[in-house]
2 protein chains.
Amino acid sequence: MLSDELRYQLLRTIERNPELTQRQIAKELGLSLGKVNYCVKALLDKGWIKAGNFKNSSNKRAYAYILTPKGLEEKGSVTLRFLKRKLQEYEDIQYAIEQLQNEVTESQRKELKIL
Amino acid sequence: MLSDELRYQLLRTIERNPELTQRQIAKELGLSLGKVNYCVKALLDKGWIKAGNFKNSSNKRAYAYILTPKGLEEKGSVTLRFLKRKLQEYEDIQYAIEQLQNEVTESQRKELKIL
DNA sequence: AAGGGGTTGTTCAGTTGTTGAACGCGAATT
DNA sequence: AATTCGCGTTCAACAACTGAACAACCCCTT
């Protein structure tokens, strides 16, 4: 099961850079090759991207992964879901920071430059 | 390897509530029993908590896990580290939200009540 | 046209991390 | 004494992830 975050990052990366290889995607997003391969297949299976033929001087058998119309639609949808989650995280993290600041001693607080 | 977050949450929870059983800690923090057991052992091994004898009406063979002086010190240290990481996360998330907002369409943006 | 070198997508055995049912123990209850 | 109950502990089973190895393909040289 691909998380919203992963889907978002993949669709975003692929849309911006269709000519990336799976290895380059892996490096860019900090994922393992196996995981990227699994995910790309899943995206192909869902019909969100398709693999066109792409060739340039250095890449030998690389595909160009391009977003389908369905993929574009999904990207919008997943981006919105992901944004909502991030906004929630934002609130949570604010609360967590507040709590943490209360638990940090005065001398420690001076070390940081907060408050 | 215990993460700073896990260490922080455990020390914090145990300090506030020494009489919690491993199962209660697991439930409170959303962890599995096995994981809590593993972590508690690690904390004991490090000498940050010690297991006193504790008995009440409903608990049969429960320990009272209480923070040692070293544990208290470590809690302060880990809390500070964790706070720093959260402050960084806070910045990161702000940037991520900014990016996400730019990628969301106008109609979608209206659905949320942002900007 | 044959072959070597290089880069790709793909595979999959091995590793790592996690889970929670089951166990033995001791205290409480019957 | 026998049973029950809740505790900490264990560990086989499951799930997730990794990256070295493989086959396919293209390009280039001979």
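Below, each value reflects all heavy atoms present in this structure, side chains not excepted, and no hydrogens, waters or symmetry copies. Lettering of chains follows the sequences in order, A, B, ..., and the numbering in each one begins at 1. What you are looking at is a predicted structure, and each value in this text was computed from that prediction instead of being measured.
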The side chain of Tyr65(A) lies closest to which of these nucleotides: dG9(C), dG8(D), dT18(D)?
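Nucleotide nearest to Tyr65(A)'s side chain: dG9(C).
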Kindly point out which of dG9(C), dT18(D), dA22(C) is positioned nearest to the side chain of Lys35(A)?
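The listed nucleotide nearest to Lys35(A)'s side chain is dT18(D).
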Roughly, in whole Å, what's the span from [atom1] in [X] to [atom2] in [N]?
X        : N       : atom1 : atom2 : value
Glu19(A) : dT7(C)  : CD    : C1'   : 16 Å
Arg61(B) : dC7(D)  : CZ    : P     : 11 Å
Leu29(A) : dC17(D) : CG    : P     : 14 Å
Met1(B)  : dT18(C) : CE    : P     : 13 Å
Lys27(A) : dG19(D) : NZ    : P     : 13 Å
Gln24(A) : dT8(C)  : CD    : C1'   : 11 Å
Tyr63(A) : dT7(C)  : OH    : P     : 18 Å
Leu20(B) : dG6(D)  : CG    : P     : 16 Å

Give a yes-or-no answer on whether the side chains of Glu98(A) and Asn102(A) include a donor-acceptor pair shorter than 3.5 Å.
no
Going by atom types only, do Tyr8(B) and Glu103(A) share a side-chain donor-acceptor pair under 3.5 Å?
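The answer is yes; a qualifying pair exists.
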Would you say Ile97(A) and Val104(A) are hydrophobically clustered, going by side-chain heavy atoms of ILVMFWY under 4.5 Å?
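Yes; Val104(A) is reachable from Ile97(A) via cluster members.
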Could you tell me whether the side chain of Gln94(A) and the main chain of Glu91(A) form a donor-acceptor pair under 3.5 Å?
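No; zero donor-acceptor contacts below 3.5 Å.
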For the backbone of Gly47(B) and the side chain of Thr68(B), can you confirm whether one donor and one acceptor N or O come within less than 3.5 Å of each other?
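Such a contact is found between Thr68(B) side chain and Gly47(B) backbone.
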Between [X] and [Y], which heavy-atom pair has the shortest distance, and what is it?
X        : Y         : answer
Cys39(A) : Leu10(A)  : CB-CD1, 3.4 Å
Leu83(B) : Gln101(A) : CD2-CG, 4.1 Å
Leu44(A) : Ala51(A)  : CD2-N, 3.8 Å
Val36(B) : Gln22(B)  : CG1-O, 3.6 Å

Could you pull out the protein-nucleic contacts involving nucleotides 1-3 of chain D (nitrogen or oxygen on both sides, under 3.5 Å)?
none

For Gln9(B), the side-chain hydrogen bond (donor to acceptor under 3.5 Å, both in side chains) test, sequence neighbours excluded, returns none
Check: Arg23(B) side chain, dG8(D) base, donor-acceptor under 3.5 Å:
yes
Between Gln22(A) and dT8(C), does any side-chain N or O lie under 4.0 Å from OP1 or OP2?
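No, outside the criterion.
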For Tyr90(B), what residues pass the ring pair (Phe, Tyr, Trp, His ring centres under 6.0 Å) criterion, not counting sequence neighbours?
Tyr90(A)
Based on the rotation axes of five pairs at each end, what angle does the helix from dA1(C)-dT30(D) to dT30(C)-dA1(D) bend through, to 10°?
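The two end axes of the helix from dA1(C)-dT30(D) to dT30(C)-dA1(D) meet at 20°.
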Distances for protein N or O near nucleotides 10-14 of chain D N or O, under 3.5 Å:
from    : atom 1 : to       : atom 2 : distance (Å)
dT10(D) : OP2    : Lys41(B) : NZ     : 2.0

Show every salt bridge (charged side-chain N to carboxylate O under 4.0 Å, His left out) that has at least one partner inside residues 62-75 of chain A, sequence neighbours left out.
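Sorted result for residues 62-75 of chain A: Arg7(A)-Glu74(A), Glu15(A)-Lys75(A), Glu74(A)-Arg81(A).
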